[in-house]
J.: 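For reference, the structure I am asking about is given below.
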Amino acid sequence: MWRLALRTLKFRRTSFVATFLAMFLGAAIVIGCGGLMETGVRMAAAPQRLREAPVVVTGEQTYDSSALTERHRIDARLAGEVARVHGVRAAVPDVSFPATVLKDGKPLTEKSASYGHGWASARLTPYTLAAGKTPVTGGEAVLDAGLARRAGARPGSSVDIVVQGTVHRFRVSGIAEQRGDHNPDAAVFLSDDRARELAGGRIDSVAVLPAPGTSAAAVADAVRAEVGDRAEVLTGERRGLAELPGTLSSRRTVVILAAVFGSSVVLIVMFGVASTLGLSLQQRAREMALLRAVGSTPKQLRRMILTETAVLSVASVLLALAPGYAIGRLLFKVLTSSGVVAPAIVYHAGPLPMAVGAAVTVLAAAGATRFAGRRAARTEPVAALAESTAGTRWFSLPRLLLALFFLANGIGLAIATATVMEDGPTLASTAGPASVLFGVGLALLAPGLTKALVALLRPPVRALSGLSGQLALRNAATAHVRMAGAVAPIVLLIGIATGTLYMQSTEDHVSRTSYDENILADYVLDSTTGGFAPGVVATVRATPGVAAASEFVTSRGFVDRPGGPADADLRGVSAEGVRQSLDLPVVAGSLEDLRGDTVALSDKKAREYGVRVGDRLPLHLGDGTALRPTVVALYTDNPKQQYLTLPAATLAPHTGDGLPHQILVRTAPGTGTEVHDRLAALAARVPGTELDDSSSLAGRNNQIQQILVSANYTIVAMIVGYAAITVVNTLVSVTRKRRAEFGLQRLTGATRAQVIGMLTVEGVLIGVVATVLGTLASATTIVPYSLVKSGSYLPSGSLGIYLAIVGGSLLLVFGATLLPSWRGMRSPAVETVKAA
């Protein structure tokens with residue numbers, strides 16, 4: 001059987017190349033998504049500035065298994081406790097805060113932000129003095145060589161640095177250089193006491209240096225025992241997480257993205273491999289029948305088919321390992337470039353995703369071999385020869401049950417999206433797979449559905465297409481299984497592409513319009529130097545022509561509930577200007593009471609949390625700080641902007657930079673351009689301040705909403721590309737198999753043009769049937785998603801998206817049928833029939 005299997009591989013190159021491509025590309029895509037999943041689960045980052053410390057103690061980055069979005073600082077006294085642990089040579093406290101160097105009153109242009117640190121942590125990179133001396137007093141600073149060169153600074157000169165929104169003048173005591181080029185951020189070093197004072201008295205981390213002869217693992221265990229649950233101890237490649245506060249919050253995004261698309265890819269790959277291999281075996285029905293007629297047993301045929309499949313599976317999986325790794329790296333690069341994941345996160349693709357990709361490919365091929373080859377192996381020789389001529393029966397109870405399973409799950413996810421899921425980041429996790437599952441169910445029933453739809457199309461086709469249409473309809477009636485083989489992958493292509501693209505366009509439209517409607521301010525002042533000092537907003541309010549001004553801070557936290565904490569978007573504002581800056585129709589209480597530990601929220605959220613005006617709402621802020629603010633106001637619910645609103649002075653200290661980065665400005669009626677000029681002059685006096693109109697806030701929010709767009713489109717492009725290749729494989733293979741049929745038609749009087757016309761009508765029939773079924777599949781994603789997002793059954797977005805998808809599918813159909821047919825008919829008809 002091995003010898004026979006290898007000979008069949010040699011002499012049936014076209015069908016086996018198509019099957020090999022389906023397996024190879026499928027395995028590569030699954031391996032790529034698996035690598036993305038492993039990266040999200042491990043979420044490790046190589047240390048940069050702290051790379052000389054093998055053990056790092058930092059604040060817990062999770063609260064009740066949920067990742068914090070802001071840095072959780074720790075008590076400075078913890079450094080002394082860690083230093084006394086046995087085996088510790090030194091415990092170096094570390095702090096980081098924005099420190100923007102000015103030149104001629106303007107921030108230096110840098111590729112990335114500059115940060116201030118205590119000089120004791122310089123040796124952890126390591127930085128060494130290239131000139132001058134270390135900072136001793138609070139008014140001295142050491143600049144890294146890059147900053148000093150740009151600022152034109154040297155030891156003994158003075159430099160202005162913005163810290164905490166205030167300009168401080170420091171004397172440059174020295175210039176530092178680092179060994180290697182690992183730190184992406186420019187550095188300013190102050191004395192340890194001054195750095196800790198500017199950072200608010202708490203520290204970010206403690207870098208632990210083991211004593212000579214002591215292993216890092218033993219020291220880490222001893223430090224864990226000492227600090228308990230007051231801090232987290234990081235070793236190895238996870239040390240870099242101490243430098244990237246909030247990074248763990250992206251783990252959920254990456255894992256959900258990899259899981260949703262990975263599961264879709266697995267289904268599509270299994271279907272693609274199974275359909276391609278099944279079509280190949282169907283086309284060999286006559287060969288199988290002849291082998292049965294000359295004495296081959298069903299067991300021998302099954303072994304031959306299994307051997308062929310094994311050879312193709314192993315070869316495709318082995319060759320897909322490197323491309324699969326490259327695809328995973330590409331997906332990861334898209335995530336890092338779009339801001340979903342920090343560039344310092346390490347990409348991991350170990351043996352597990354490789355094994356999953358191999359298993360999916362092999363199982364899909366084995367399943368297709370079992371179901372598609374079973375009939376040829378079991379059918380009696382005479383009946384097999386008859387069936388190979390008359391066509392193949394497609395209906396079976398297992399196929400029906402499998403189709404109903406996928407259809408039911410697709411409908412179930414659609415119903416869950418529309419009725420159970422709330423508007424939020426996980427909405428797409430149920431809406432997206434619905435079209436995939438429903439599309440697979442339709443594809444399994446494609447032969448019967450194709451036959452029914454072709455029957456409906458018979459009258460117009462007869463009326464419009466003449467003889468070519470008659471021939472096409474005849475072929476469709478007698479070979480509906482073959483036509484369904486071409487329809488099925490196009491159904492998936494149209495369903496997935498249409499559902500995903502319109503889901504994204506709806507998200508973009510709703511996010512943009514709802515944010516625009518919520519912002520009442522005319523202008524926004526934006527700080528690029530770490531935030532505004534407390535007195536700036538008062539200066540803005542005093543500007544002639546300004547009716548109101550409010551600080552604006554955004555973050556994420558958690559509402560503590562009996563069933564566990566619930567994620568909450570947090571917004572910080574100033575009580576004096578919030579009513580004129582944001583559209584918050586109050587239904588109870590007053591927004592002017594937003595001072596101190598207070599909170600305002602929508603009436604819907606208040607009912608959900610079981611609170612009223614005057615009650616306390618248990619919260620944990622983005623850095624893990626517990627807070628029980630008093631509810632002072634309830635406002636009308638906006639399903640697209642479900643923030644909890646706190647005083648900016650309460651929320652800002654618990655964000656990364658500790659200050660508000662925006663000030664919303666509402667101008668008085670009839671002020672014209674004069675107030676703009678005054679605000680521009682004010683912005684020029686505050687270093688690093690930019691003045692924009694309020695639409696920039698909507699644009700910035702849209703950028704946040706768009707953060708996964710490039711990743712979504714990249715993965716969808718891979719899925720659609722795989723489906724497109726499956727379409728081409730199927731159609732080219734079918735067309736090449738029909739060369740003898742075309743030759744017979746030409747011998748009986750048909751011209752090339754008539755045969756091409758027949759194929760064109762068949763292509764139109766395939767396109768129409770696939771478009772109807774694919775559109776039906778996409779509706780299971782689009783309709784429920786649009787209902788939740790906008791209350792409409794129809795999605796937002798241009799009709800051109802749909803037309804482009806359908807048009808591209810038709811181009812694939814015609815290109816994969818007409819071109820091979822035209823080339824095949826260049827040979828004499830007699831030779832074509834003889835070669836069959």
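This chain uses plain numbering: 1 for the first residue, then up along the sequence. Since the structure is predicted, the reported quantities are computational estimates derived from the model, not experimental observations.
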J.: Using a 4.5 Å cut-off on heavy atoms from C-beta on, say whether the side chain of H620 contacts that of T625.
T.: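 SC-SC contact between T625 and H620 ruled out.
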
J.: According to the interplanar angle, ranging from 0 to 90°, do the rings of Y347 and F332 count as parallel (below 30°), tilted (30 to 60°) or perpendicular (above 60°)?
T.: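 Rings of Y347 and F332: tilted, 30 to 60°.
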
J.: For salt bridge (Lys or Arg N to Asp or Glu O under 4.0 Å), just list the numbers for R196 and D193, CA-CA rounded to whole Å, side-chain angles, deciding distance to a tenth of an Å, and then say yes or no.
T.: CA-CA 5 Å; R196 195 173 305 164; D193 291 340; 5.0 Å; no

J.: Check R556 with D567, please: is the shortest side-chain N to carboxylate O separation under 4.0 Å?
T.: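 Yes, this pair counts.
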
J.: In the structure I gave you, are the side-chain heavy atoms of V188 and V101 within less than 4.5 Å of one another anywhere?
T.: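 They are in contact (side-chain heavy atoms under 4.5 Å apart), so the answer is yes.
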
J.: Strictly below 4.0 Å, N to O, side chains only: are E52 and R239 in salt-bridge contact?
T.: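 No, E52 and R239 are not salt-bridged.
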
J.: Find out whether T554 and D569 are in side-chain contact, i.e. whether some heavy atom of one side chain is under 4.5 Å from a heavy atom of the other.
T.: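 Side chain of T554 against side chain of D569, heavy atoms only: no contact under 4.5 Å found.
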
J.: So does R238 pair up with E232, basic N to acidic O under 4.0 Å?
T.: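 A salt bridge is present here (some side-chain N lies under 4.0 Å from a carboxylate O).
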
J.: If the plane angle is over 60° it's perpendicular, under 30° parallel, otherwise tilted; pick one for Y63 and F558.
T.: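 Rings of Y63 and F558: tilted, 30 to 60°.
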
J.: Rounded to the nearest 0.5 Å, what separation is found between the OG atom of S96 and the CG atom of D204?
T.: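 With rounding to 0.5 Å, OG (S96) is 5.0 Å from CG (D204).
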
J.: Could you check if a side-chain atom of V82 sits within less than 4.5 angstrom of a side-chain atom of E226, using non-hydrogen atoms only?
T.: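 No, too far: nothing below the 4.5 Å cut-off.
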
J.: Does E237 pair with R42 as a salt bridge, N-O distance under 4.0 Å?
T.: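 Between R42 and E237 there is a salt bridge, with a charged N closer than 4.0 Å to a carboxylate O.
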
J.: If I compare all heavy atoms of P107 with all of G688, which pair ends up nearest, and what's the gap?
T.: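 Answer, listing the atom of P107 first, then G688: CG-CA, 3.7 Å.
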
J.: Under 30°, 30 to 60°, or over 60°: which ring-plane class applies to W119 and F189, parallel, tilted or perpendicular?
T.: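 W119 and F189: perpendicular rings.
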
J.: Could you go through the salt bridge (Lys or Arg N to Asp or Glu O under 4.0 Å) check for E81 and R230 one step at a time?
T.: CA-CA 12 Å; E81 298 179 29; R230 293 177 295 167; 2.8 Å; yes

J.: Does a donor on one side chain sit under 3.5 Å from an acceptor on the other, for T529 and T100?
T.: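 The answer is no; no qualifying pair exists.
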
J.: Go through the steps for D623 and R73 under the test salt bridge (Lys or Arg N to Asp or Glu O under 4.0 Å), then give the verdict.
T.: CA-CA 8 Å; D623 63 350; R73 289 185 167 88; over 6 Å; no

J.: Rounded to the nearest 0.5 Å, what separates atom CD in Q48 from atom CG in L244?
T.: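 Result: 8.0 Å between the selected atoms.
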
J.: How about D64: does its CG atom have over 12 heavy atoms from other parts shown lying under 6.0 Å from it?
T.: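 Counting neighbours around CG of D64, more than 12 heavy atoms of other residues, nucleotides or ligands fall under 6.0 Å, so yes.
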
J.: So that I can tick it off, tell me whether R49 and D94 are bridged by a salt bridge, with the cut-off set at under 4.0 angstrom between side-chain N and carboxylate O.
T.: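 The answer is yes: the pair qualifies as a salt bridge.
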
